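These figures come from a predicted structure and were not determined experimentally. When a ligand or atom number is given, it counts from 1 through the structure's own listing order.
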Amino acid sequence: MAAVTEDLFKNVISHAKEYGYVFPSSEIYDGLSSVYDYGQYGVELKKNIREYWWRAMVQMHENIVGLDASIFMHPTTWKASGHVDAFSDPLIDNKDSNKRYRADVLIEDHMAKIEEKINKEVEKAAKRFEKFDAQVFKTTNARVLEYQAKIDEIEARFKTALETDNLAEVKQIIVDLEIVCTVSGTRNWTDVRQFNLMFNTQLGSVSEESSTIYLRPETAQGIFVNYLNVQKTGRMKLPFGIAQTGKAFRNEIVARQFIFRMREFEQMEMQFFVAPGDDMKYYEEWKTKRMAWHNSIGLGANKYRFHDHIKLAHYAKAACDIEFQFPFGFKELEGIHARGNFDLSQHELFSGKKLQYFDPERNESYVPCVVETSVGLDRLFLSILSTAYTEEKLEDGSIRTALNLPAFLAPIKAAILPLVKKDGLPEVAKKLMNELKYDHMVQYDEKDTVGKRYRRQDAIGTPYCITIDHDTLTDNAVTIRSRDTMTQVRIPLTEVNEYLRLRTSMTEVLKTL
Ligand code: ATP
């Protein structure tokens with residue numbers, strides 16, 4: 001990570017803490033590694049993102065319904081799903097620093113560094129030539145081709161190693177690429193081992209093996225085991241989807257990068273059940289729909305890209321990630337997978353219960369196939385927060401720190417500010433607040449100068465500040481100042497509610513989908 005972006009990311013993290021967005025968990029006891037709490041504004045932003053996902057998935061689709069399954073599930077669920085045997089990450093330790101890494105991440109980071117070199121060559125050439133076509137340059141420039149060949153070679157080797165579960169070869173790749181530990185700077189590595197990521201605990205008071213249960217590492221299995229309940233009671237016809245949001249837990253080896261990789265996090269998943277043979281059509285459809293949803297948030301289309309998986313799970317037909325340009329580079333934000341009928345078939349096998357669908361058109365029963373969309377709520381939160389964070393030098397030389405959050409997601413839509421704490425202005429301001437609060441999250445603030453209050457609201461990410469001044473008492477109008485443009489308009493008190501609705505409503509954004 002370049003020094004400038006690294007500093008910027010540090011500033012985002014401290015801003016998140018200072019302004020009540022994200023706190024380290026149990027901080028008075030020095031925190032708990034990779035566990036975080038959401039503060040008074042964080043919880044609002046998170047709730048709004050969750051609601052936007054839910055409305056786009058459930059409310060806007062007649063054939064998608066919701067579910068709220070428990071975190072604890074029958075332990076056989078995780079045998080059937082393959083998590084007990086295979087939900088693990090390859091880990092490797094540096095013997096000098098004792099620092100633990102994910103072997104796959106070390107290799108992927110190495111490839112990303114080579115990709116950075118390609119981007120630098122492209123940038124340099126773009127400055128040199130007036131007429132420049134990056135695509136043509138990438139396919140003709142000798143140095144770029146050499147870099148690309150290196151990436152392709154590593155990728156092919158890594159893919160084969162993963163597909164054959166050849167951990168010795170994974171280590172050999174790390175050795176051959178001369179990857180060093182960032183702490184010790186040495187290449188003194190242990191062998192690569194698999195490490196299961198599920199947390200377990202005991203049900204009741206008996207500590208026999210049979211009472212061991214897991215904290216779910218994904219929400220999806222709660223959907224699969226309820227598939228027939230929902231299909232029957234909701235009289236659902238294929239294709240249909242079940243959506244769920246909720247906590248998931250993974251004992252991540254390398255938990256870092258703030259809320260990007262946590263041990264307790266929240267997922268928003270939708271499993272779409274389709275007839276066999278239709279899955280690739282719906283896989284493509286959901287790729288398009290999910291990308292459109294991300295773009296509608298308004299962070300910029302260039303911030304997202306698709307990335308096909310190098311290694312497919314043995315049952316999967318296709319899988320890709322939607323990656324986002326975080327401050328530390330492009331990383332996975334959402335996974336979209338065509339899972340075949342693996343999950344339901346496994347649950348049939350392990351439970352001995354039929355999980356089939358009778359298709360009246362085909363006049364046959366079958367186990368449906370599944371297309372899954374799975375996004376991390378905390379990662380979405382980070383993508384939005386880190387993009388919104390700006391430091392801007394104003395004409396008077398001062399620095400204005402603002403969160404340019406999309407207005408429909410902002411925790412507080414408007415702050416109501418009486419110009420002074422006297423002359424009846426607070427009464428008018430409070431009356432306005434009491435009218436607006438039924439439709440909007442609003443906040444009253446009368447402390448300090450108006451200028452200071454504007455800055456405070458900028459830092460929280462409040463898109464509008466409404467000022468009540470002495471003229472208000474006679475003209476029944478207020479000044480509304482925009483966070484993004486810092487311009488002001490004067491409008492009648494009676495129009496404030498509609499003004500805010502048009503500019504901050506989630507419904508208006510949903511209509512663009
Ligand atoms: P990664 O490769 O980054 O570990 P994954 O491929 O294991 O992620 P999935 O199992 O596909 O992730 O989970 C779906 C989504 O859940 C991810 O796209 C991500 O947004 C989120 N997610 C997964 N693990 C974590 C975590 N430890 N902390 C926060 N979010 C996570």
Side-chain angles (χ1 to χ4, degrees), residues 22 25 32-38 42 46 49-50 53 78 81-83 86-91 101-109 111-112 158 162 194-199 215-224 243-271 286-287 290-291 293-294 304-313 315-316 318-326 328-339 342-343 370-386:
V22 184
S25 157
L32 183 65
S33 166
S34 296
V35 185
Y36 291 91
D37 298 340
Y38 288 85
K46 199 174 168 199
I49 303 170
R50 191 192 296 110
W53 183 86
W78 305 109
S81 67
H83 283 79
F87 189 58
S88 49
D89 277 341
L91 67 86
Y101 295 88
R102 258 175 67 175
D104 53 336
V105 171
L106 280 182
I107 295 170
E108 275 161 14
D109 283 353
M111 291 198 285
F158 184 38
L162 290 177
Q194 291 290 6
F195 175 80
N196 195 297
L197 301 179
M198 280 198 295
F199 285 102
L215 271 70
R216 67 180 177 199
E218 61 174 32
T219 56
Q221 298 305 323
I223 294 179
F224 294 130
Q244 164 161 242
T245 71
K247 287 279 173 103
F249 304 82
R250 296 182 187 179
N251 198 359
E252 298 279 1
I253 303 162
V254 189
R256 62 191 157 106
Q257 288 162 333
F258 193 37
I259 54 172
F260 178 81
R261 189 175 299 287
M262 296 196 287
R263 297 204 161 101
E264 173 180 341
F265 58 99
E266 191 163 337
Q267 286 186 316
M268 307 196 290
E269 298 198 297
M270 194 279 297
Q271 311 292 328
W286 278 108
K287 272 176 74 172
R290 291 303 303 147
M291 191 56 110
W293 183 87
H294 286 288
Y304 301 89
R305 70 179 188 196
F306 282 113
H307 174 78
D308 289 324
H309 278 198
I310 296 184
K311 184 197 176 191
L312 283 184
Y315 53 84
C320 72
D321 296 335
I322 292 178
E323 293 187 337
F324 182 81
Q325 191 174 24
F326 287 98
F328 36 85
F330 271 101
K331 297 274 180 221
E332 172 175 346
L333 178 62
E334 167 154 4
I336 300 168
H337 312 123
R339 302 176 67 106
F342 173 80
D343 305 276
V370 169
V371 175
E372 165 184 85
T373 73
S374 171
V375 64
L377 177 51
D378 312 88
R379 283 192 192 176
L380 264 172
F381 184 107
L382 181 59
S383 71
I384 293 164
L385 188 78
S386 60

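- The side-chain hydrogen bond (donor to acceptor under 3.5 Å, both in side chains) check on Glu332 picks up nothing, with sequence neighbours excluded.
- Side-chain N/O atoms of Glu372 and Gln271 include a donor and acceptor closer than 3.5 Å.
- Between Tyr38 and Phe381, the two ring planes are perpendicular [angle over 60°; tilted spans 30° to 60°].
- For ligand 1, the atoms lying closer than 4.0 Å to a non-hydrogen atom of Glu252 are 24 (N), 26 (C), 27 (N).
- For a threshold of 3.5 Å applied to N or O pairs, the pair formed by Ile259 and ligand 1 contains no separation below that value.
- Looking at ligand 1, you'll find an N or O of Met262 within less than 3.5 Å of one of its N or O atoms.
- Residue contact annotation: Glu108 has no non-hydrogen atom under 4.0 Å from ligand 1.
- Across the listed options Arg263, Met268, Glu264, Glu332, Glu332 owns the non-hydrogen atom lying nearest to atom 5 (P) of ligand 1.
- Of all protein heavy atoms, the one closest to atom 4 (O) of ligand 1 is Arg261 NH1, 2.8 Å.
- Close contacts of ligand 1 with Arg102, meaning ligand atoms under 4.0 Å from a residue heavy atom, involve 4 (O).
- Under the 6.0 Å distance and 45° angle rule, Lys287 counts as a cation-pi partner of Phe306.
- In terms of polar-atom proximity, defined here as any N/O pair under 3.5 Å, Glu269 makes no such contact with ligand 1.
- Ionic pairing of Glu266 and Lys46 is present here: one or more N-O contacts between side-chain nitrogen and carboxylate oxygen are shorter than 4.0 angstrom.
- From the protein, the heavy atom lying nearest to atom 22 (N) of ligand 1 is Phe265 CE1, 3.5 Å.
- Near Glu334, with a cut-off below 4.0 Å to any heavy atom, the atoms of ligand 1 are 18 (O).
- Nearest protein heavy-atom neighbour of atom 19 (C) of ligand 1: Arg379 NH1, 3.5 Å.
- Classified by interplanar angle (parallel below 30°, tilted 30° to 60°, perpendicular above 60°), the ring pair Phe326/Phe324 is perpendicular.
- Nearest protein heavy-atom contact of atom 10 (O) of ligand 1 is Arg250 NH2, 3.0 Å.
- In this structure, atom 29 (C) of ligand 1 lies nearest to the protein heavy atom Phe260 O, 3.2 Å.
- For a threshold of 3.5 Å applied to N or O pairs, the pair formed by Asp378 and ligand 1 contains no separation below that value.
- Looking at Asp378 and Tyr36, their side chains never bring a donor and an acceptor atom within 3.5 Å of each other.
- Residue, atom and distance of the protein heavy atom nearest to atom 13 (O) of ligand 1 are Gln267 NE2, 3.3 Å.
- Between Arg263 and Phe249, every side-chain heavy-atom pair lies at or beyond the 4.5 Å cut-off.
- The closest heavy-atom contact to atom 14 (C) of ligand 1, among the options Ser383, Gly376, Pro217, Ser374, comes from Ser374.
- Geometrically, Arg50 does not engage Trp53 in a cation-pi contact, judged by NZ or CZ lying under 6.0 Å from the ring centre and within 45° of the ring axis.
- For Gln194 against Pro90, the heavy-atom pair with the smallest separation is OE1-N, 3.3 Å.
- For ligand 1 and Leu333, the ligand atoms under 4.0 Å from any heavy atom of the residue are 18 (O), 19 (C), 20 (O).
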